[in-house]
Amino acid sequence: MEPLLARSVRLEDDGVHILDRRNFPFERVWVRCGTVGEVAKAIEDMVTQSSGPYFAALYGMVLAAREVRGLPRDEARAALDRAGRLLVETRRTNNHLRKAVAAVLAGVDADDDVEAGALRGALAGDERYRARSRRLGEFTAARLPDEGAVLTHCWADLYLTETVTAAQDLGKRLRFVCTETRPYLQGARLTAETLGEMGVDTTLVTDGMGAAVMSTGDVDVLLTAADRVTMDGHVVNKVGTLGLAIAAREFDVPFLAMVQAPDRLAPTAADVPIEYRPGDDVLHTLGRRTATERARGRYPAFDVTPPRFVTEVVTDRGAYAPHELADYYVGDVHD
């Protein structure tokens, strides 16, 4: 059975329904968003994470198209551009939101009916993302050992499920070690839960244990997704990835970073905006204050791992050394 997180956003007649990941798996609540503005707020408030914002943006744009039903085409198209900018600005570090908006607008531009075109573009974007994630998972599984332990950090959804499925199809016997991933505990709640659903041997460690676990020789590979990979090989991912990558290099553990494609609009790390979330988030855990009142919080949501700490970047076209990422686009005009 497909894990729940792999289908956590649904378009319905009354709006977009998004599985609330903030208290998953303890509570399984769906948040209904009736407007594109409500979808944007849900993404910004971390109702959905990982691959979820991509699908929420796709179907949020369909809601935007519904909202402009009956307007002259030029006015409707301008309103959709504004809706797209609103969605993209909710989480600026990951470029999948931009791609989701572009997929829907391409459908709109190819159809006389704005609403029908938006839906067609969203469905095409949905299928394309799933197909590319499937290929990415297959290429990644092929790089993993036949038996061994994989350490990961803040990783759930399609990249995870497709990799595990492909590894299982190859008969590989893998164990996973997940960091808890503060402050939202995505690893403890989302990654570990999804792996458990898939029947994978899963061990949870705290964020501070990664280097110690690698130092014992009990980890065969460090594997994470990436929110963005620059053309010069910098890996932008959930904060904490950098420290794990440095430790992996010290202890001769290969680090594989997964992304569908390197971003041609980000030649270097300087071209990627790093999102800072409210510092108050690190003072609380699942709604309860866990820090002294005497401290203030600081929360860069992502960090940047230089290419010298990255063994390979795995894409939907295979694995590349960080300095070879330009080869991904050889002979191809699409991303």
Side-chain angles (χ1 to χ4, degrees), residues 21-22 40 42-54 56-57 87-100 136 151-160 178-191 206-208 210-211 222-249 255-285 297-310 313-315 322 325:
R21 302 187 186 210
R22 293 170 297 185
I43 296 172
E44 192 171 63
D45 289 349
M46 301 290 281
V47 171
T48 186
Q49 302 151 23
S50 193
S51 299
Y54 173 83
L87 290 167
V88 169
E89 286 299 311
T90 59
R91 304 295 308 274
R92 297 170 58 233
T93 300
N94 189 309
N95 62 334
H96 278 144
L97 293 172
R98 187 187 76 224
K99 293 183 177 183
L136 174 59
L151 174 64
T152 190
H153 181 62
C154 191
W155 183 46
D157 247 328
L158 291 175
Y159 289 10
L160 174 68
C178 307
T179 56
E180 61 184 352
T181 323
R182 288 268 299 150
Y184 289 108
L185 302 180
Q186 295 104 314
R189 298 182 300 102
L190 308 181
T191 311
T206 70
D207 284 358
L222 170 64
L223 177 66
T224 74
D227 284 84
R228 201 173 324 192
V229 174
T230 65
M231 293 306 299
D232 64 352
H234 287 79
V235 170
V236 184
N237 194 45
K238 172 67 180 181
V239 68
T241 303
L242 172 60
L244 292 172
I246 292 171
R249 183 181 183 189
F255 172 34
L256 308 183
M258 298 173 63
V259 72
Q260 288 184 6
D263 184 10
R264 285 193 292 190
L265 297 182
T268 71
D271 300 297
V272 181
I274 298 300
E275 176 186 358
Y276 276 74
R277 298 194 62 80
D280 196 55
D281 287 358
V282 305
L283 306 177
H284 297 78
T285 302
R298 178 179 171 85
Y299 183 11
F302 303 89
D303 59 27
V304 181
T305 300
R308 65 182 180 276
F309 298 114
V310 182
V313 176
V314 189
T315 74
L325 286 170

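Excluded from the calculations below are hydrogen atoms, water molecules and symmetry mates; all remaining heavy atoms, backbone and side chain alike, are included.
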Measure the spacing between [atom1] of [X] and [atom2] of [Y] and express it to the nearest 0.5 Å.
X: Y159; Y: L136; atom1: OH; atom2: CG; result: 6.0 Å
X: K238; Y: Q186; atom1: NZ; atom2: CD; result: 4.5 Å
X: D227; Y: R92; atom1: CG; atom2: CZ; result: 14.0 Å
X: N237; Y: L242; atom1: CG; atom2: CG; result: 11.0 Å
X: R264; Y: L325; atom1: CZ; atom2: CG; result: 12.5 Å
X: C154; Y: L160; atom1: SG; atom2: CG; result: 11.0 Å

So do the side chains of [X] and [Y] get within less than 4.5 Å of each other, counting heavy atoms only?
X: T230; Y: D263; answer: no
X: R298; Y: V282; answer: no
X: L223; Y: M258; answer: yes
X: T179; Y: T206; answer: no
X: L265; Y: N95; answer: no
X: L190; Y: Q49; answer: yes
X: T152; Y: T191; answer: yes
X: I43; Y: R91; answer: yes

Please report the closest heavy-atom contact between [X] and [Y], naming both atoms and the distance.
X: L97; Y: L87; value: CD1-O, 3.6 Å
X: P273; Y: T93; value: O-OG1, 2.6 Å
X: G52; Y: D157; value: N-OD2, 3.4 Å
X: T315; Y: P262; value: CG2-CD, 4.2 Å
X: R277; Y: E275; value: NH1-OE2, 2.7 Å
X: T48; Y: A56; value: CG2-CB, 4.4 Å

As a test of understanding, state which of I246, L244, T305 forms a side-chain contact (heavy atoms from CB on, under 4.5 Å) with F255.
T305
Criterion side-chain contact (heavy atoms from CB on, under 4.5 Å) against D303, the qualifying member of V239, I274, V236:
V239
Donor-acceptor under 3.5 Å ([X] side chain, [Y] main chain):
X: T181; Y: L185; value: no
X: R228; Y: A269; value: no
X: H153; Y: G187; value: no
X: D45; Y: A42; value: no

Students often mix this up, so state it plainly: with edges at 30° and 60°, are the rings of Y54 and H96 parallel, tilted or perpendicular?
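Perpendicular.
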Walk me through whether V235 and V304 qualify under side chain to side chain contact (heavy atoms under 4.5 Å, CB included).
CA-CA 6 Å; V235 170; V304 181; over 6 Å; no
Can you check side chain to side chain contact (heavy atoms under 4.5 Å, CB included) on V229 and H234, steps first, answer last?
CA-CA 6 Å; V229 174; H234 287 79; over 6 Å; no
Is there a side chain to side chain contact (heavy atoms under 4.5 Å, CB included) between R308 and R249 once you walk through the steps?
CA-CA 9 Å; R308 65 182 180 276; R249 183 181 183 189; 3.7 Å; yes
For residues S50 and R21, is any side-chain donor paired with an opposing acceptor at under 3.5 Å?
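No, no side-chain donor-acceptor contact under 3.5 Å.
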Under a 3.5 Å threshold, yes or no: a donor from one side chain and an acceptor from the other, between D281 and Y184?
yes
Test side chain to side chain contact (heavy atoms under 4.5 Å, CB included) applied to E89 and E44, step by step:
CA-CA 9 Å; E89 286 299 311; E44 192 171 63; over 6 Å; no
Tell me whether R182 is salt-bridged to D207, with the criterion being a basic N under 4.0 Å from an acidic carboxylate O.
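Judged by the 4.0 Å cut-off on N to carboxylate O distance, R182 and D207 do not form a salt bridge.
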